[in-house]
Structure formats: structure tokens, C-alpha cells
Amino acid sequence: MEFDRNPTLDALCARKSVRVFTEEPVPQAVKNALFQAAMQAPTAGNQMLYTILDITDAALKARLADLCDHQPFIADAPVVLVFVADCQRWYDGFAAAGCAPRPPREGDLLLAAADAAIAAQNTVVAAESFGLGSCYIGDILENCEDVRSALALPPYAVPAAMLVLGRPTQQQRERRKPARFDARYIVRENRYRRMTPEEHEAMYSAREAAEGRADVDYAARMQAFCARKYNSVFSREMSRSAAVYLRAFSAQCTPGTEEGNARGVRRTENSHAGTD
């Protein structure tokens with residue numbers, strides 16, 4: 001059954017990642033509106049388990065561009081925002097109120113990461129309403145040690161998402177949005193079901209056909225994509241870095257205790273053993 005389109009659906013369907021911006025600055029009033037939109041996002045228990053870092057220092061932008069897989073367009077973006085999954089603020093608040101809080105654990109981090117991601121997406125939608133383009137930068141999860149230092153992140157704060165925003169160039173506005181997979185492969189009723197090899201090929205081939213590419217060699221394309229993305233050096237670095245962030249949330253490594261600090265040091269040393 002077809003549905004009636006409306007301006008909200010049209011905006012969501014038209015939105016695409018933008019990596020090239022004009023030099024036009026984003027007014028502070030617009031940035032403030034984006035922050036307000038972010039903070040109106042759904043949030044677990046109204047805790048707002050995130051902190052938004054507005055990166056305005058040019059040198060810090062350049063540093064993050066380098067740490068995020070050497071992508072210069074990050075440094076050139078008029079607005080750079082890091083959405084931090086923040087378990088530190090409530091932990092400190094509880095302690096300040098004499099609550100004797102338990103240390104944050106893995107579940108707390110997952111909840112905070114969801115909060116941060118939802119707030120980031122609210123920002124993306126609000127940006128579209130101002131004619132601003134945006135791009136998520138997943139590479140902010142790489143190079144944990146350097147990113148922590150650059151952003152002064154405490155142990156219970158993890159960069160869950162990074163956004164760059166600005167006015168799209170004409171070329172970016174006219175660029176076609178890539179096709180998505182068909183809903184029948186993405187939406188499942190009630191229970192998860194793994195797909196057959198034939199379904200995987202049909203799903204991928206249908207999307208390629210929507211892009212005007214027929215008779216695609218499925219296996220060759222998948223092997224190339226796996227090598228370029230999933231098995232890449234930067235993907236492996238992201239996993240290593242994420243594991244370092246997770247250590248602070250492990251029951252076996254609680255920062256602030258002698259045992260936890262010792263474990264953290266040993267694990268950090270071991271994680272670099274045999275690497276250059």
C-alpha cells in the first residue's frame with residue numbers, strides 16, 4: 001500500500017552525506033538552534049547521557065581530521081561536533097550528592113551511546129531544515145589514546161559520533177543519493193532470521209540495479225568491499241581503539257582504584273606488544 005508523502009518524509013528521503021562545503025560560515029544563532037534540536041531528542045530517563053563538543057579551534061579540527069583517517073574535509077567544515085557518550089557526568093553528580101555510586105558498566109555505555117546517536121540524528125534533521133548538509137565521521141572511534149588527549153575525555157566518556165556540517169556546494173546538492181537496500185531484506189517481523197546466500201546476492205544485486213548497474217559480479221564486488229572496508233587497517237584500528245575505551249567500563253578494570261589502574265596499564269602495554 002502506497003503512503004502519502006509529506007515534507008518530513010521528503011526531507012528524510014532526500015538527505016545524503018555531504019563532504020564538500022562552501023566557505024559560508026554557519027551563524028551562531030543557527031548553531032544554537034541545532035543544539036536545541038539535539039537536546040529535544042528522546043533520551044533514557046531524561047538523563048541526556050551525552051555531551052556535545054563544539055570544535056571551533058582550527059588546530060584541533062586539523063588534528064581530528066588527521067586522527068580520523070586523514071580526511072582534510074573535516075578541517076575545512078564550518079561546523080564540527082563530537083557527540084560524547086557521557087557516563088562521567090552523572091557518576092560525578094551522584095558522587096557529589098553523597099550517593100556512593102557504582103562505577104559505570106558496559107550497559108551504561110550502550111545506553112549513553114544510543115542517547116548520543118539519537119541527539120546527533122536530531123541535529124542532522126534540524127540542519128537539513130536550514131539547508132545545511134552533514135556527514136557522520138565514524139573514524140572518531142579510532143586512535144583512542146590520541147583522541148582522548150585531544151578532547152580531554154575522562155575515563156567514562158566515549159566519542160560515540162562526530163558530525164561535520166555546512167552549506168553544500170552546488171555539485172553536492174545535485175549529486176544523486178545512493179540507493180538503499182529494499183525493505184524486505186531489512187525489516188523482519190517478530191524475530192531475527194539470517195539470510196541465505198541467494199538472498200544476500202539478490203539484495204545486493206537489486207541495489208546495484210537501482211543504481212543503473214546491471215549484471216554485477218556479486219562475489220567480486222563483495223570481496224573488494226570487504227577488503228576495502230571490513231578487513232581494512234582503519235577498521236581493525238577502530239576495533240582496537242574501541243576495546244581500549246571499553247576497558248574503563250569492565251568490572252575487572254575500574255579507574256580510580258589501585259587494582260583497576262594496574263590492570264589498565266598492563267592491558268594497554270599488552271595491546272601494543274609486537275606492533276609498530
Side-chain angles (χ1 to χ4, degrees), residues 12-21 64-77 80 82-83 85 110 113-114 116-118 120-121 124 128 133-144 146-147 158-166 168-169 171-188 191-246 271 275-276:
L12 291 172
C13 291
R15 187 269 165 192
K16 57 181 179 286
S17 294
V18 173
R19 296 177 178 82
V20 186
F21 307 101
L64 291 175
D66 190 48
L67 291 172
C68 292
D69 207 29
H70 315 291
Q71 300 184 82
F73 79 92
I74 296 172
D76 296 333
V80 176
V82 179
F83 290 78
L110 287 175
I118 297 167
Q121 185 59 19
V124 166
E128 288 288 316
S134 60
C135 184
Y136 279 100
I137 308 297
D139 305 279
I140 192 63
L141 278 172
E142 298 175 33
N143 300 303
C144 167
D146 292 327
V147 170
V158 177
M162 181 172 169
L163 279 177
V164 296
L165 305 103
T169 62
Q171 181 274 334
Q172 288 286 292
R173 286 198 299 270
E174 295 174 353
R175 182 176 60 85
R176 180 182 175 185
K177 179 176 180 173
R180 300 305 200 237
F181 290 127
D182 190 276
R184 69 179 181 272
Y185 300 111
I186 305 300
V187 181
R188 294 283 184 241
R191 292 177 175 81
Y192 188 92
R193 180 179 68 78
R194 296 175 70 176
M195 294 194 299
T196 66
E198 292 76 18
E199 286 175 314
H200 278 287
E201 182 169 357
M203 178 183 72
Y204 184 85
S205 297
R207 190 181 70 174
E208 290 294 288
E211 290 286 349
R213 295 187 288 266
D215 300 323
V216 170
D217 186 330
Y218 166 72
R221 282 295 189 97
M222 287 294 283
Q223 289 165 16
F225 186 78
C226 183
R228 180 169 62 88
K229 284 281 191 180
Y230 193 74
N231 284 341
S232 66
V233 172
F234 74 81
S235 181
R236 295 174 191 274
E237 163 54 26
M238 186 179 293
S239 293
R240 181 208 68 82
S241 180
V244 177
Y245 281 119
L246 285 169
S271 72
T275 62
D276 296 324

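Predicted model, so just to flag it, every value in this text is computed and none were measured.
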Point to revise | Test item: Ile137 and Cys135 side chains (from C-beta on) under 4.5 Å apart, heavy atoms | key: yes
Check your understanding: Between atom OH of Tyr204 and atom CD of Glu208, what is the distance when rounded to the nearest 0.5 Å?
Key -> 4.0 Å
Practice item. Hey, could you give me the SG/CD1 distance between Cys68 and Ile140, rounded to the nearest 0.5 Å? Key: 4.0 Å
Exercise for review: Decide yes or no for Lys16 and Arg175: does some side-chain heavy atom of the first lie under 4.5 Å from some side-chain heavy atom of the second?
Suggested key: yes
Check your understanding: Does any N or O in the side chain of Arg221 come within less than 3.5 Å of the main-chain N or O of Ser205, such that one atom is a donor and the other an acceptor?
Key -> no
Check your understanding: Do any N or O atoms from the side chain of Arg236 and from the backbone of Asn231 form a donor-acceptor pair under 3.5 angstrom?
Key -> yes
Study note, to complete from the structure: In short, Ala161 meets Ala120 closest at the heavy-atom pair CB-CB, 4.3 Å
Check your understanding: Do Val80 and Leu163 come close enough that some side-chain heavy atom pair is under 4.5 Å?
Key -> no
Check your understanding: In terms of side-chain heavy atoms, does Tyr136 have a donor or acceptor partner in Gln121 at a distance below 3.5 Å?
Key -> yes
Practice item. Please determine if Glu199 and Arg184 form a salt bridge, counting it only when a charged side-chain N lies under 4.0 Å from a carboxylate O. Key: no
Review point. Is any side-chain heavy atom of Val164 less than 4.5 Å from a side-chain heavy atom of Phe73?
Key: yes
Check your understanding: Out of curiosity, Met203 CE to Glu198 CD, how far, rounded to the nearest 0.5 Å?
Key -> 13.0 Å
Check your understanding: Within a strict 4.5 Å, meaning less than it, do heavy atoms of the Ser241 and Leu141 side chains meet?
Key -> no
**Study point:** Side-chain donor or acceptor of Glu128 paired with backbone N/O of Arg15 under 3.5 Å
**Key:** no
Exercise for review: Using a 4.5 Å cut-off on heavy atoms from C-beta on, say whether the side chain of Gln71 contacts that of Asp66.
Suggested key: no
**Study point:** Within-4.5 Å side-chain heavy-atom neighbours: His200 and Tyr218
**Key:** yes
Practice item. Just do the side chain to side chain contact (heavy atoms under 4.5 Å, CB included) check on Ile118 and Phe83 with the steps written out, would you? Key: CA-CA 10 Å; Ile118 297 167; Phe83 290 78; over 6 Å; no
Review point. Does atom NZ of Lys177 have more than 12 heavy-atom neighbours from other groups under 6.0 Å away?
Key: yes
Exercise for review: Spell out, as yes or no, whether a donor-acceptor pair under 3.5 Å connects the side chain of Lys229 to the backbone of Ser235.
Suggested key: no
Point to revise | Asp217 side, atom CG; Arg213 side, atom CZ - distance, nearest 0.5 Å | key: 13.5 Å
Point to revise | Beyond-backbone contact of Met195 with Tyr185, side-chain heavy atoms, under 4.5 angstrom | key: yes
Exercise for review: Please determine if Glu142 and Arg240 form a salt bridge, counting it only when a charged side-chain N lies under 4.0 Å from a carboxylate O.
Suggested key: no
Review point. With no hydrogens and no angle check, is any side-chain donor or acceptor of Arg173 less than 3.5 Å from a backbone partner on Pro168?
Key: yes
Revision key, fill the gap. Separation between OG (Ser134) and CZ (Phe21), nearest 0.5 Å, reads 7.0 Å
Practice item. Apply the test side chain to side chain contact (heavy atoms under 4.5 Å, CB included) to residues Ile186 and Arg180: give CA-CA distance (whole Å), side-chain angles for both, the deciding distance (0.1 Å), then the verdict. Key: CA-CA 10 Å; Ile186 305 300; Arg180 300 305 200 237; over 6 Å; no
Point to revise | Short side-chain to backbone donor-acceptor contact, Asp139 and Asp69, under 3.5 Å | key: no
Practice item. Measure from the side-chain N and O atoms of Gln172 to the backbone N and O of Arg19, and report whether any donor-acceptor pair falls under 3.5 Å. Key: yes
